[in-house]
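This report refers to the structure that appears directly beneath it.
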Amino acid sequence: MKKIPEMIMLAVILIFFTAHIVKTVSYYSFMKNADSTDAVVTKVNEYEDISNDPDEISRTYYVVEVNYSVNGTEYISEIKRDNVRLGVNDIVTVYYLTGDESNIRLEKDNKGTFKTTMTFVFLIGFMIFYTFIFTRRKKK
């Protein structure tokens with residue numbers, strides 16, 4: 001019963017790590033089967049998630065609208081992004097699956113994946129360190 005806080009912490013870390021792995025595998029599976037085309041950024045809108053809770057931090061996100069053509073058919077799609085390094089009239093490569101050309105993705109910035117992975121490594125390391133110190137103090 002004394003290890004319940006450690007088990008809860010480990011369970012939470014494992015749940016988030018598993019979700020990260022599933023999201024990453026889904027992305028790479030999509031990209032493996034995807035075709036690509038160039039698109040033009042037509043709009044970049046900034047939004048802010050404002051919480052009613054004064055202790056919660058608001059979060060800014062961006063919706064990028066792009067125009068592109070696949071086999072002579074014009075498409076307009078929006079992509080939600082946490083950060084934006086794109087401006088109006090920028091040309092970007094979009095990826096789509098044949099038969100579902102309106103569902104597009106941009107190539108991922110590997111820095112985000114690396115940061116997320118390193119965060120989980122840090123959390124698991126912290127968990128091991130915490131458990132080691134906590135267990136050692138109990139023995140004394």
Side-chain angles (χ1 to χ4, degrees):
M1 291 296 242
K2 296 177 183 179
K3 295 199 181 256
I4 289 179
E6 292 91 350
M7 297 302 283
I8 291 171
M9 189 184 303
L10 182 60
V12 168
I13 290 169
L14 289 175
I15 288 169
F16 280 106
F17 187 68
T18 302
H20 168 68
I21 295 297
V22 167
K23 185 177 176 183
T24 301
V25 167
S26 170
Y27 169 79
Y28 286 110
S29 174
F30 180 95
M31 295 302 280
K32 182 177 136 187
N33 299 311
D35 292 318
S36 65
T37 189
D38 288 337
V40 177
V41 176
T42 54
K43 283 186 200 173
V44 178
N45 295 317
E46 181 177 323
Y47 296 95
E48 189 170 356
D49 265 345
I50 300 174
S51 172
N52 293 332
D53 184 355
D55 295 331
E56 198 170 303
I57 298 172
S58 63
R59 186 175 80 85
T60 301
Y61 66 93
Y62 304 88
V63 175
V64 178
E65 182 181 277
V66 295
N67 288 350
Y68 58 99
S69 174
V70 176
N71 297 328
T73 304
E74 295 288 324
Y75 294 91
I76 299 173
S77 291
E78 293 181 338
I79 304 167
K80 185 177 172 184
R81 313 256 312 171
D82 288 331
N83 58 34
V84 66
R85 294 185 188 113
L86 301 171
V88 174
N89 294 325
D90 283 354
I91 296 180
V92 296
T93 302
V94 293
Y95 297 86
Y96 63 91
L97 296 176
T98 302
D100 191 11
E101 288 81 3
S102 61
N103 178 17
I104 60 168
R105 298 190 188 183
L106 297 177
E107 191 166 19
K108 210 177 220 181
D109 180 358
N110 285 333
K111 292 177 187 171
T113 302
F114 178 75
K115 286 179 185 175
T116 304
T117 301
M118 293 315 300
T119 300
F120 284 117
V121 167
F122 171 78
L123 288 173
I124 291 170
F126 174 77
M127 177 66 190
I128 292 168
F129 176 76
Y130 174 81
T131 303
F132 176 75
I133 295 297
F134 190 71
T135 312
R136 235 174 146 200
R137 285 187 181 167
K138 290 260 180 182
K139 288 182 181 178
K140 288 184 179 183

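- Residue Ser102 comes nearest to Ser77 through the heavy atom pair O-OG, 3.2 Å, listed as atom of the first residue, atom of the second, then distance.
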Subject >> Full working for side chain to side chain contact (heavy atoms under 4.5 Å, CB included) between Asp35 and Thr98 >> reply: CA-CA 7 Å; Asp35 292 318; Thr98 302; 2.7 Å; yes
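- Glu48 is linked by a side chain to side chain donor-acceptor pair (under 3.5 Å) to Ser58, counting only residues two or more places apart in sequence or in another chain.
- Shown here is Asn71, whose CG atom has no more than 12 heavy atoms of other residues, nucleotides or ligands within 6.0 Å.
- The side-chain heavy atoms of Val66 and Ile76, taken from C-beta on, include no pair separated by under 4.5 Å.
- Between the OH atom of Tyr27 and the CZ atom of Arg105 there is a distance of 8.5 Å, given to the nearest 0.5 Å.
- Sorted by first then second residue, the ring-ring contact (aromatic ring centres under 6.0 Å, His included) pairs that include residues 72-96, not counting sequence neighbours, are Tyr68-Tyr75.
- Counting non-hydrogen atoms of other residues, nucleotides and ligands closer than 6.0 Å to CD1 of Ile21 gives a total above 12.
- Among Leu106, Val92, Leu86, the one residue that satisfies the side chain to side chain contact (heavy atoms under 4.5 Å, CB included) test with Ile79 is Leu106.
- Using a distance-only test at 3.5 Å, with no hydrogens or angles considered, no donor-acceptor pair links the side chain of Glu74 to the main chain of Gly72.
- With contacts defined as side-chain heavy-atom distances shorter than 4.5 Å, the pair Asn103/Leu97 does not qualify.
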Identify all side-chain donor-acceptor contacts of residues 36-45 below 3.5 Å with residues at least two apart in sequence or on another chain.
| unit_1 | atom_1 | unit_2 | atom_2 | d |
| --- | --- | --- | --- | --- |
| Thr37 | OG1 | Ser69 | O | 3.4 |
| Thr42 | OG1 | Glu65 | O | 3.2 |
| Thr42 | OG1 | Glu65 | OE2 | 2.8 |

